[in-house]
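Per chain, numbering begins at 1; letters A, B, ... match sequence-line order.
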Amino acid sequence: KQEVTQIPAALSVPEGENLVLNCSFTDSAIYNLQWFRQDPGKGLTSLLLIQSSQREQTSGRLNASLDKSSGRSTLYIAASQPGDSATYLCAVRHRNFNKFYFGSGTKLNVKP
Amino acid sequence: NAGVMQNPRHLVRRRGQEARLRCSPMKGHSHVYWYRQLPEEGLKFMVYLQKENIIDESGMPKERFSAEFPKEGPSILRIQQVVRGDSAAYFCASSPPTVTDTQYFGPGTRLTVL
C-alpha cells in the first residue's frame, strides 16, 4: 500500500526566505507526482506535475524535484512571500491504481 | 473550457438525513474521482468512476455511501443516514483517459452534519 508522508507538518518563516518542503512515498511504482496548494476553505490548485521519467520541474519561484528510487520529492520555494501562505499537498499517482495518494500536507505561514 | 464544477458548495444536514453531492467533470473528461478530506488531514481516495461504470471503490465505506456516473448528467456521491463523522470536505476530480495526465480538482463540497 502506498503511504505518503510530508515533513514538516507546519512551517513559519519570515518573508524572503528560501524554503524546502519534503515529501516521501513508500512505493516507487508511480506514474507521476504532483504538488498542490490549498488555501483555507478552498479547493486544490495544481503547482507542478513531475512524470516518473523526469527529475524536476520549475515554475517561477517554485522548483520540484523527484528521486523515484529513494521515494522522495522536494518542493523548493525561492524568496517566499506572504501570499505563499497556504497548505501544500504532495500526491503520487500509483502505476497500478488510477488514483492519487495524498500526504497530510505542510501548512506554511510566511510572515511579513 | 469550464473547470470541474461541484454543487452545492456547502451542505448542512441533520443526522439521519441523506446528502447528495454533484460533480460535473471538465468537458471531454470521462474519468471522475471522489476524495474526502477530514479537518487537518490530506485527501483520501474514495471511488473512481467512468461513464456508467465503477472502476475502483476501494476507499468507499461499505455502508451508506454510493456513487454513480450516468451516461448523461453529473456524477453523484450519495450518503445515506448521515452521521457527524461524515462532516468533511468532499472533492471531485476529473481527467481524460491518459494516465500520465493530471487530475483536475473541483472546489469541493463542505458537508456539515448537525
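Taken to the nearest 0.5 Å, the OG atom of A:Ser46 stands 7.5 Å off from the OH atom of B:Tyr104. For the atom pair B:Gln103 CD and A:Gln34 CD, the distance stands at 8.0 Å (nearest 0.5 Å).
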Notebook entry, point to check: Can you check side chain to side chain contact (heavy atoms under 4.5 Å, CB included) on B:Leu43 and A:Phe100, steps first, answer last?
Noted result: CA-CA 9 Å; B:Leu43 278 69; A:Phe100 277 120; over 6 Å; no

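Proximity to chain B is limited to the side chain of A:Gln38, based on heavy atoms less than 4.5 angstrom apart. Of the atoms belonging to B:Gln6, not a single heavy atom falls under 4.5 Å from chain A.
Within 6.0 Å of CZ on A:Arg72 lie no more than 12 heavy atoms contributed by other residues, nucleotides or ligands. Heavy-atom neighbours of A:Lys42 NZ from other residues, nucleotides or ligands within 6.0 Å: at or below the threshold of 12. In this structure, B:Met5 places its CE atom where only 12 or fewer heavy-atom neighbours from other residues, nucleotides or ligands lie under 6.0 Å away. By the 6.0 Å contact criterion, CZ on A:Arg61 is enclosed, its count of non-hydrogen atoms from other residues, nucleotides or ligands being greater than 12. Crowding of B:Gln81 atom CD: a count of heavy atoms from other residues, nucleotides or ligands under 6.0 Å not exceeding 12.
With hydrophobic clusters built from ILVMFWY side chains whose heavy atoms lie under 4.5 angstrom apart, B:Phe69 shares a cluster with B:Tyr90. Cluster annotation: B:Leu11 and B:Phe65 are assigned to the same hydrophobic cluster (Ile/Leu/Val/Met/Phe/Trp/Tyr, side-chain heavy-atom contacts under 4.5 Å, transitive).
When side chains are defined from C-beta on, B:Phe45 does not count as touching A:Phe102, because their heavy atoms never get closer than 4.5 Å.
Among A:Thr45, A:Leu89, A:Leu44, the residue with the largest count of heavy-atom pairs under 4.5 Å with chain B is A:Leu44. Contacts with chain A were tallied for B:Gln37, B:Glu41, B:His31; B:Gln37 has the most, counting heavy-atom pairs under 4.5 Å.
Nearest approach of B:Ser95 to A:Arg93, heavy atoms of both residues: OG-NH2, 4.0 Å.
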